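Notes follow the structure.
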Amino acid sequence: MANDKLKFNSRTIHGGQQPDKAYGSVMPPVYLTSTYAQTKPGAHLGYEYSRSHNPTRTALENSLASIESGKHALAFASGMAAIDAVIKLLQPGDEVISTNDLYGGTYRIFTKIFANYGIKFHFVPMGELDQVEKHINKNTKLLWVETPTNPLMQIVDIKAMKAIAKANGLLLAVDNTFASPYLQRPLELGADIVMHSATKYLGGHSDVVLGALVLKDDELTERLAFIQNASGAVPGPLDAFLVLRGIKTLHVRMQRHCENGRAVAEFLAANPAIEKVYWPGFEHHPNHEVAKAQMDDFGGMISFIHKDSTLEKAVAIVSALKVFTLAESLGGVESLAGHPASMTHASIPKEAREKTGITDGLIRLSIGIEDSEDLLADLAQAIN
Ligand SMILES: *Cc1c(COP(=O)(O)O)cnc(C)c1O
């Protein structure tokens with residue numbers, strides 16, 4: 001695709017796209033159809049049934065492949081459906097090594113669904129490479145990486161994970177939801193599979209749930225496309241259209257998310273009432289150098305703890321916010337605040353949660369693209 005030679009910001013608009021063949025419409029029509037006419041059995045225009053393929057979904061998949069520097073993309077009904085498809089590559093007895101500070105739903109599907117099918121999961125702090133290597137044995141098949149991690153904003157060195165994966169013949173999958181391809185393109189760093197909850201930054205407007213996998217390898221794509229069609233967790237064409245529309249403004253939104261993120265992180269760090277701020281843009285962040293090397297900026301996700309680190313104080317702060325909305329999810333144009341221990345990460349047992357640092361006092365912010373002065377004023381009044 002010629003458009004793939006364009007720079008990133010142009011690819012968000014043109015990557016993998018061409019005017020619709022029927023009438024030249026600039027955006028692809030929302031092909032609300034389940035089936036496609038054939039002139040004789042097997043003679044069709046490339047589409048047979050919309051679980052297998054749909055032209056609006058194809059347009060989205062081509063865009064995703066382009067902006068993630070991949071060759072192929074597969075869209076799913078949700079981020080979880082995309083993760084589900086990746087784990088279905090495995091067999092009973094296989095083992096997975098995963099980041100320990102992990103999206104709650106990912107932890108849940110690993111431990112409550114796939115563990116029942118004889119797949120074993122190890123959750124390790126991936127900042128410590130020897131911790132990863134220690135868990136590798138002949139059954140290990142997959143490294144599952146999330147970076148920045150959720151909600152503690154740790155950074156996993158994707159290149160280092162690739163070296164370990166390569167040396168041991170493992171697949172490397174990276175959940176790139178938090179960074180978005182604007183900040184980080186794991187396929188360029190050697191990952192085999194990039195996974196997205198497009199519900200977040202890619203869609204960007206909190207109006208759709210959708211997931212995706214992006215790949216370079218033809219054979220691996222074929223296996224995952226088989227699972228996508230066989231299991232059937234595909235998005236409808238309207239949802240595909242909404243995400244495609246979101247992607248077209250990804251780079252301008254991300255630029256503002258990053259600017260506002262920096263303003264909020266620095267404001268919180270300077271506030272004497274705040275104990276700790278988690279944001280990879282700080283020079284004192286333990287993985288700041290890795291973040292600088294593999295990300296183009298530091299994003300708009302921030303977590304923090306008040307000096308009074310009780311559950312009551314955290315609940316009081318998130319309840320007092322007026323510009324920020326108290327809600328799950330992230331990556332939309334509006335700023336959201338969340339309380340991981342009782343919301344996004346409630347599916348992780350308290351003991352496991354506290355062990356990784358997700359304490360009752362932790363508050364997570366998804367910084368939107370409002371005027372930063374309004375965000376700072378809102379935080380100031382809620383903290384006091
Ligand atoms: C939201 C999210 C998911 C799950 O995606 P859904 O679209 O909600 O199914 C997976 N990983 C991360 C990091 C997420 O934030």
Side-chain angles (χ1 to χ4, degrees), residues 57 60 64 68 73-88 96 98-114 121 123 126 142-156 158 173-184 186 191 193-214 228 231-236 239-240 242-243 246-247 254 257 278 280 295 299-303 327-332 336-340 343-348 356 358 364-368:
R57 195 173 99 207
L60 170 65
L64 289 164
E68 273 292 359
L74 301 166
F76 290 85
S78 68
M80 291 318 305
I83 296 172
D84 177 84
V86 173
I87 305 304
K88 284 176 178 161
V96 178
S98 162
T99 319
N100 64 339
D101 179 24
L102 194 66
Y103 178 69
T106 309
Y107 182 85
R108 181 173 55 197
I109 198 173
F110 285 178
T111 57
K112 295 272 165 65
I113 306 264
F114 284 110
F121 297 88
F123 301 94
M126 284 191 161
L142 172 70
L143 297 184
W144 185 270
V145 171
E146 215 179 286
T147 182
T149 66
N150 177 10
L152 294 173
M153 313 302 156
Q154 295 167 35
I155 302 295
V156 178
I158 298 173
V174 178
D175 181 338
N176 205 29
T177 301
F178 261 43
S180 92
Y182 175 84
L183 295 179
Q184 163 177 291
I193 302 171
V194 165
M195 174 261 150
H196 272 288
S197 169
T199 313
K200 316 296 167 55
Y201 286 108
L202 294 178
H205 295 75
S206 307
D207 54 7
V208 61
V209 171
L210 190 142
L213 300 175
V214 191
Q228 179 198 37
S231 291
V234 294
D239 291 350
L242 285 171
V243 173
I247 287 172
M254 286 309 298
H257 283 299
Y278 300 85
M295 299 171 75
M301 294 303 300
I302 298 165
S303 295
E328 303 214 359
S329 200
L330 60 114
L336 301 181
H339 182 244
M343 296 167 72
T344 46
H345 290 65
S347 50
I348 300 177
T356 55
I358 306 170
R364 191 189 79 179
L365 302 176
S366 169
I367 307 302

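All ligand and atom numbering here is 1-based and tracks the order in the structure. Computed from a predicted model, the values in this text were never measured in an experiment.
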Non-neighbouring partners of Ala346 that pass side-chain contact (heavy atoms from CB on, under 4.5 Å), sequence neighbours left out
none
Candidates Asp101, Asp175, Asn100 - the one meeting side-chain hydrogen bond (donor to acceptor under 3.5 Å, both in side chains) with Thr149
Asp101
Indicate the atoms forming the closest heavy-atom contact of Gly105 with Met80, along with that distance.
O-CE, 3.2 Å
Lys88 to Phe76, cation-pi by 6.0 Å centre distance and 45° axis angle:
no
N/O contact list for ligand 1, threshold under 3.5 Å:
| unit_1 | atom_1 | unit_2 | atom_2 | d |
| --- | --- | --- | --- | --- |
| ligand 1 | 5 (O) | Ser197 | OG | 3.0 |
| ligand 1 | 7 (O) | Gly79 | N | 2.9 |
| ligand 1 | 7 (O) | Ser197 | OG | 2.8 |
| ligand 1 | 7 (O) | Thr199 | OG1 | 2.7 |
| ligand 1 | 9 (O) | Gly79 | N | 3.0 |
| ligand 1 | 9 (O) | Met80 | N | 2.9 |
| ligand 1 | 11 (N) | Asp175 | OD2 | 2.7 |
| ligand 1 | 15 (O) | Lys200 | NZ | 2.7 |

For the backbone of Leu74 and the side chain of Gln228, can you confirm whether one donor and one acceptor N or O come within less than 3.5 Å of each other?
no
Checking Phe123 against Tyr107 for the ring pair (Phe, Tyr, Trp, His ring centres under 6.0 Å) test, could you report, in this order, the C-alpha distance in whole Å, the side-chain angles of both residues, the deciding distance, and whether it holds?
CA-CA 9 Å; Phe123 301 94; Tyr107 182 85; 4.9 Å; yes
